[in-house]
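Just below is one structure, and these are the notes that go with it.
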Amino acid sequence: MRRELEFLKELNSAQLEVVKSVEGPLLVIAGAGSGKTRTLTCRMAYLVAQGVSPQKILLLTFTRKAAREMVERAGSLLKIDCSRIMGGTFHSVSQYMLRFYGHLIGYPANFTILDRSDAEDLLHLLRNSLGLAEKKKRFPRKNTLATIHSKLINQKKSLEEVLSKEYPQFLDYFEEIERLFIEYRNYKKEHYLMDYDDLLLNWLEVLKNFPQVREEVGQRFEFLMVDEYQDTNSLQGEIIKYMAERHQNVMVVGDDSQSIYGFRGADYRNIFEFPKIFKNTKIIKLEENYRSTQPILDLANAVISNARIKYTKVLYTKKKEGEKPIVFYARDEAESSKFVADRILELTEKGIKLSQIAVLFRSAFHSFDLEVELAKRDIPFVKFGGMKLLESAHVKDFLSILKISTNPLDFLSWNRVLLLLEGIGPRTAEKIINKLKGSTQLLFDPSTIISQFSSLKELQKFALLLKELQKQGEKTLFEKLSAIWEFYEPIFQRVYYEDYHRREKDIEGLIALSQKYESAEEFLADLALEPVETDEVEKKFDKEEYLTLSTVHSAKGLEWHTVFVISLVDGRFPSSYSINNEEELEEERRLFYVAITRARERLYLIVPTTVYVPGEGKVLAKPSRFLKEIPPSLMKVYSEEKKESPSIKEGAKETQAEFKPGDLVKHPHFGEGEVIEVLDSEKIKVFFPRKGPTILHLKYTHLEKLM
DNA sequence: GTTTACGCATCCCCG
DNA sequence: ATGCGTAAAC
């Protein structure tokens with residue numbers, strides 16, 4: 001074997017076959033933890049080693065981050081630069097292609113992308129201008145409208161079908177909603193806007209109608225690879241069909257039992273359609289699991305065996321030894337949180353790093369109680385799957401100003417910004433926008449219009465700012481954003497006076513980020529396609545050890561030594577939204593399967609017997625139906641007695657007596673510090689240079705005494 | 001006539 | 001925490 005291909009030795013025979021089958025259509029069914037990412041990475045490296053030029057390879061993944069990481073790893077396997085492999089999501093690649101080919105269907109190269117809340121705002125605006133808001137009976141809210149519209153597109157259903165099946169309460173408004181949606185599509189087309197769905201829809205339209213484009217794209221990308229194929233929708237399936245038409249060199253990887261995005265139109269049946277679209281498809285299954293121990297896999301297999309559809313594979317492992325998954329029945333959420341925190345501290349004392357532990361839950365808000373408990377005990381954590389930075393109001397305000405300067409026809413942003421200014425409400429904003437629309441000079445000088453509203457001082461300032469920003473070529477993006485911030489800061493302090501300090505950091509982070517970009521257009525497109533994590537998250541990433549809290553959806557593809565799944569009660573997991581629908585309930589079961597298969601060595605399942613429901617207070621909850629389906633022999637119930645086991649008590653006692661004020665100590669997360677005060681037998685106050693004064697519970701903290 | 005301030009219900013998962 | 005309607009303030 002050639003030396004540069006050493007990395008192939010790491011693979012098992014099925015994986016090796018995947019890597020070496022480079023030509024023709026290939027379908028890989030890859031179970032959880034079967035080394036799918038490694039196989040994909042090696043396949044890319046192998047292609048390049050065979051002399052395929054990196055830019056001929058296209059890798060489609062679920063997030064852009066995943067694509068970047070895989071490309072990087074392929075490069076390091078070969079020690080050849082592979083960065084010219086094009087990788088991204090369907091949305092980002094469609095966007096890229098549409099910048100070139102969009103003109104064929106009437107879009108200029110500088111079209112604007114609407115993110116989810118932009119789309120909602122537009123629907124809201126159109127709803128008002130159509131006079132639909134004044135109806136007596138409740139008209140769907142903008143959030144719901146956006147969801148319905150997206151379902152139509154992604155599931156290729158009619159409005160009638162979606163309404164009668166999922167929103168029968170709005171059937172009375174069928175005609176109004178239909179009219180609104182037509183307006184919505186027209187508006188987007190007229191103003192060169194695309195929402196997320198349009199990116200796929202329009203790229204597909206180009207491919208469908210222009211054989212020449214299919215030909216060119218086939219030449220540009222000779223090898224296609226698609227990850228997470230079970231979570232693609234039919235539009236994405238069709239896009240692949242056309243992009244691979246010329247050469248048929250297309251490989252897709254997926255796992256039908258891990259399909260968890262049906263709610264947004266994904267259809268795992270794409271996997272089974274694939275061999276029908278591409279004749280002579282080779283099918284390879286990866287069934288050996290390298291991640292989890294046998295007891296954890298047994299549980300996972302039991303969960304999935306209860307599914308209505310029987311899946312195609314059964315996972316096995318060579319790691320036969322291991323502890324049975326543990327179930328804990330907590331009185332309430334407080335006890336659940338306490339339990340989780342206790343176990344986590346035990347684990348860290350045994351040397352398991354915090355970064356090797358995760359707590360998973362169905363919905364972002366299920367972890368609220370736990371977050372408070374973790375903060376109390378100074379256990380650092382990062383939460384995934386919550387609100388994204390870009391969705392917060394202040395960031396949207398800020399970016400809207402930049403958007404106006406790039407595209408003065410972006411009346412959505414105009415509306416948003418105008419409403420922020422002193423003395424302008426919905427009526428005045430509408431008046432100003434109407435004047436702007438009527439002006440042909442708009443592109444060059446909106447300030448002539450604005451000067452008609454001379455009584456509005458802040459508006460005048462805004463006009464000056466725009467004039468500044470439009471001096472093309474003279475300012476870098478960074479300078480533009482700094483100028484915008486100078487204008488926006490006082491408004492910002494007025495509108496968000498309660499917590500503007502916290503929010504300020506987001507803006508600073510954004511301005512810092514902008515230095516990586518050449519143009520405002522590029523910056524904005526990137527932000528729309530790939531929401532940035534908050535500044536805080538980034539910091540914790542490289543500095544400290546941290547615990548992961550995550551929704552199951554955001555945990556896809558990841559793994560930890562120990563995994564806790566919390567809030568396992570009916571109505572939460574499975575979610576109450578899915579309980580009356582068999583299809584959706586099946587998806588919840590797969591979601592539970594995904595959660596379980598994230599664990600390598602240890603798995604805890606936590607069932608609170610009461611949960612807090614807003615408005616009703618604490619209510620009794622039924623344990624999740626998924627737990628009841630599992631043979632009890634596959635799990636161990638955690639008992640109270642064990643919690644009070646002597647070893648832990650002794651450990652606590654030992655530490656208690658040791659400290660007095662003035663002692664120098666070392667904490668696993670905060671580093672060295674000095675004891676200031678002993679509060680009682682369990683609590684001491686320590687000053688850490690890195691953190692400041694901190695109260696520690698000795699029972700849960702491992703403090704090393706330095707002198 | 002408009003804007004703004006305040007109290008009220010609602011809130012899943014995501015590119 | 002956000003989005004809505006209503007009532008007070010400009």
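Chain A is the first sequence line, chain B the second, and so forth, proteins listed ahead of strands; every chain is numbered from 1.
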Side chain of A/Tyr196 - closest among B/dC14, B/dT2, B/dG15: B/dG15
Under 4.0 Å, heavy atoms only, any strand: does A/Ile424 hit a base, just the sugar-phosphate, or nothing? sugar-phosphate
Can you see if the side chain of A/Thr551 gets near the phosphate of B/dC14 - specifically, an N or O under 4.0 Å from OP1 or OP2? yes
Could you pull out all residues at least two apart from A/Tyr96 that satisfy side-chain contact (heavy atoms from CB on, under 4.5 Å)? A/Met86, A/Phe100, A/Arg220
A/Gln230 CD to B/dC14 P, straight-line distance once rounded to whole Å: 16 Å
Between P on B/dG15 and CG on A/Asn202, what's the gap in Å once rounded to a whole number? 21 Å
What contact category does A/Phe90 fall into here, base, sugar-phosphate, or nothing, at under 4.0 angstrom with non-hydrogen atoms? nothing
Tell me, please, which residues at least two apart from A/Phe361 pass ring pair (Phe, Tyr, Trp, His ring centres under 6.0 Å). none
Of the nucleotides B/dT2, C/dC4, B/dT4, which one has an atom closest to the side chain of A/Glu422? B/dT4
Between the main-chain N or O of A/Ser92 and the side-chain N or O of A/Thr89, is there a donor-acceptor pair closer than 3.5 Å? yes
Would you confirm whether A/Arg598, through its side chain, and A/Val594, through its main-chain N or O, come within 3.5 Å as a donor-acceptor pair? yes
Any side-chain N or O of A/Ser554 less than 4.0 Å from the OP1 or OP2 oxygen of B/dC14? yes
Of the nucleotides B/dG15, B/dC13, B/dT2, which one has an atom closest to the side chain of A/Arg116? B/dG15
Distance, rounded to the nearest Å, where A/Asp198 contributes CG and B/dG15 contributes C1': 13 Å
